[in-house]
There are 2 protein chains.
Amino acid sequence: MDRLRKHIEQITPLTDEEFDYVRTFFTLKKVRKNQYLIHEGDDTKYEYLVLSGIYKVFFVDNAGKEYIVQFAQQNWWMSDYDAFFKEKEATMFIECMDAGEVLYSTLASREKLSADLHKMEHFFRVKLTNGYVALQQRIKLLLSSTPQQRYAEFSKLYPELIERIPKKFIAEYLGVSRETLSRLYAGKS
Amino acid sequence: MDRLRKHIEQITPLTDEEFDYVRTFFTLKKVRKNQYLIHEGDDTKYEYLVLSGIYKVFFVDNAGKEYIVQFAQQNWWMSDYDAFFKEKEATMFIECMDAGEVLYSTLASREKLSADLHKMEHFFRVKLTNGYVALQQRIKLLLSSTPQQRYAEFSKLYPELIERIPKKFIAEYLGVSRETLSRLYAGKS
DNA sequence: AAAAAAGTGTGATTTGGATCACACTGTTAT
DNA sequence: ATAACAGTGTGATCCAAATCACACTTTTTT
């Protein structure tokens, strides 16, 4: 739980009492490789803060094709946020690609913490602000760039992931076919 | 300014004193058609709340092609948020497509209001939450859908805009060429 | 250690949408 | 009222990336 405190305190300091209160809203969970944290059709009860491991947030279209919305690593939050915030059934999946641990928490917890502690509402606002900007960047990229530019940008943003996850998933994230992506770096180190 | 109060109170009620304080952070501005509120290269001092009119938030690539990131109408907030939050130079433009009025405010104001009034931090958090979910939806659409699906979705989300703005701008928003979009509804009412 | 499954590279073929080109219409400016 | 311009429809052509196909390699399972 110490990791949670460090994570929050990157944005706002907490007293010991405050953190003792905050911690009660989170539960630790170990996750095996290939395990699902959220499955399409389930009620979306939880959001997750990644302590370790790698996860993919994705959805599947009618034709059965997969599209990755987000990769999550240490200190990333993840859920099917549309479903989580609106308390609907999930339309996405979250699957573990590399075993690790997460903390999970409910919407009620997020709201209670925000209402009780101004600091926590601040924390969530700052996180959301960063997330909003990142998604907008991604939209700009999807609208305007070629596959090579997308791959270059991805390499810059997530150099660690390039090595650690199969290329086919990177293709699914970039919105490019596996084959096209493969040809992009044919003949690079 | 009454409109501002109504807007905020859709999320959280304010006392008269609180609102009198809040209002001091916003300034009214009339905007003519084709006027720019933000121009690439400028310092991004303000964010805007639309009271009336229609605006487009867009950027231009090296080849001079335009891509629309957002259309804004009544009660939408807009800025080059990446630049606004990070206090950088704008990489986007905001142009008025239909004359109207906006309220504007600075990053310092947003932060001061959030710090002073827990209610306002809550307001901004809720707004950001909705915005985050909307952007994620857009990413899902950009990743997985054909031009026709995008146009159908746009028509559903913004039926009013379809009539009021030139189709070429809708094409720029959807990431499709003007010509392709035109052919999609060739032979529909 | 063998078998099965998952991931990857690379050629051949197809295709959806971009681009180019131009005519027509509707709007704005003088 | 006429000129200039912005927006739109539609045909012809082109092309980048998707799709299809298959061999090779690496990882996982038993």
Side-chain angles (χ1 to χ4, degrees), chain A residues 31-36 53-56 58 60-68 71 93 95-99 141-155 161-189, chain B residues 32-36 54-56 58 60-68 71 93 95-99 141-155 161-189:
Chain A
V31 193
R32 305 180 311 281
K33 187 165 177 173
N34 299 323
Q35 185 178 351
Y36 287 92
I54 302 180
Y55 307 80
K56 59 172 172 162
F58 67 102
V60 179
D61 71 10
N62 303 324
K65 229 174 126 180
E66 286 190 21
Y67 302 88
I68 295 178
F71 289 113
F93 303 80
E95 187 177 354
C96 177
M97 302 177 73
D98 213 18
L141 210 68
L142 285 174
L143 277 176
S144 69
S145 66
T146 63
Q148 28 267 288
Q149 291 172 312
R150 294 184 201 184
Y151 183 68
E153 185 69 16
F154 186 89
S155 309
L161 286 184
I162 296 273
E163 336 255 88
R164 294 185 59 193
I165 65 182
K167 300 273 191 293
K168 61 175 280 207
F169 295 123
I170 297 178
E172 287 176 21
Y173 178 89
L174 298 178
V176 170
S177 78
R178 220 202 77 225
E179 293 92 333
T180 296
L181 182 64
S182 167
R183 286 184 245 263
L184 288 185
Y185 48 75
K188 290 196 197 164
S189 74
Chain B
R32 303 180 313 281
K33 187 165 177 173
N34 300 323
Q35 185 178 351
Y36 288 92
I54 303 180
Y55 308 80
K56 59 171 173 164
F58 67 102
V60 178
D61 71 12
N62 303 326
K65 228 176 125 180
E66 287 189 21
Y67 302 88
I68 294 178
F71 289 114
F93 302 81
E95 186 178 355
C96 177
M97 302 176 72
D98 212 19
L141 210 68
L142 285 174
L143 277 177
S144 69
S145 66
T146 63
Q148 28 268 287
Q149 292 171 312
R150 293 184 201 184
Y151 182 68
E153 186 69 17
F154 186 89
S155 308
L161 286 183
I162 296 272
E163 337 255 87
R164 294 185 59 194
I165 64 182
K167 300 274 191 290
K168 61 175 279 208
F169 295 123
I170 297 178
E172 286 176 21
Y173 178 88
L174 298 178
V176 170
S177 77
R178 218 204 78 223
E179 294 92 333
T180 297
L181 182 64
S182 166
R183 286 185 246 263
L184 288 185
Y185 48 75
K188 289 194 197 166
S189 73

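A, B, ... follow the sequence lines: proteins, then strands. Residue 1 opens every chain. What you see below is based on every heavy atom in this structure, not just the backbone, and it leaves out hydrogens, waters and symmetry mates.
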Closest nucleotide of DNA chain C for A/Thr180 versus for B/Ser177: which of these residues is on the 5' side?
A/Thr180
Compare side-chain N and O positions of B/Lys167 against OP1 and OP2 of D/dT8 and report whether any pair is under 4.0 Å apart.
no
I need the CG-C1' distance between A/Asp61 and D/dA18, as an integer number of Å.
14 Å
Roughly how many Å is it from NZ in A/Lys168 to P in C/dA6, rounded to a whole number?
8 Å
Taking for each residue the nucleotide of DNA chain D bearing the nearest heavy atom, is the 5' side occupied by A/Glu179 or by A/Thr146?
A/Thr146
So how far is it from B/Gln148 CD to B/Leu181 CG, rounded to the nearest 0.5 Å?
10.0 Å
Would you say B/Lys65 reaches C/dT19's phosphate, i.e. side-chain N/O to OP1/OP2 under 4.0 Å?
yes
For the NZ atom of A/Lys56 and the CG atom of A/Leu161, what is their distance to the nearest 0.5 Å?
13.5 Å
Could you measure the distance from the CD1 atom of A/Ile170 to the OG atom of A/Ser155? Nearest 0.5 Å is fine.
7.5 Å
Rounded to whole Å, please give me the gap between CG in B/Leu184 and P in C/dG16.
13 Å
Expressed as a whole number of angstroms, how long is the span from A/Arg178:CZ to C/dT10:C1'?
10 Å
With a 4.5 Å limit on heavy-atom distance, are the side chains of A/Ile162 and A/Tyr151 in contact?
yes
Any A/Tyr185 side-chain nitrogen or oxygen under 4.0 Å from OP1 or OP2 of C/dG9
yes
Between C/dT8, D/dG7, C/dA18, which nucleotide has the shortest distance from any of its atoms to the side chain of B/Val176?
C/dA18
Using 0.5 Å steps for rounding, measure from the CE atom of A/Met97 to the CD1 atom of A/Ile165.
5.0 Å
Whole-Å distance separating the CZ atom of B/Arg164 from the P atom of D/dG7:
16 Å
Protein-nucleotide distance (A/Lys33, atom NZ; C/dA5, atom C1'), rounded to Å:
13 Å
Specify the separation, in whole Å, of atom CD of A/Glu95 and atom P of C/dA6.
11 Å
If I take atom CG in residue B/Leu181 and atom P in nucleotide D/dG9, what distance separates them, rounded to the nearest angstrom?
8 Å
Pair of N/O donor and acceptor under 3.5 Å linking C/dG11 base with A/Arg183 side chain:
yes
Side chain of A/Ser182 only, heavy atoms from C-beta on: which candidate in C/dG17, C/dT10, D/dT8 is closest?
C/dT10
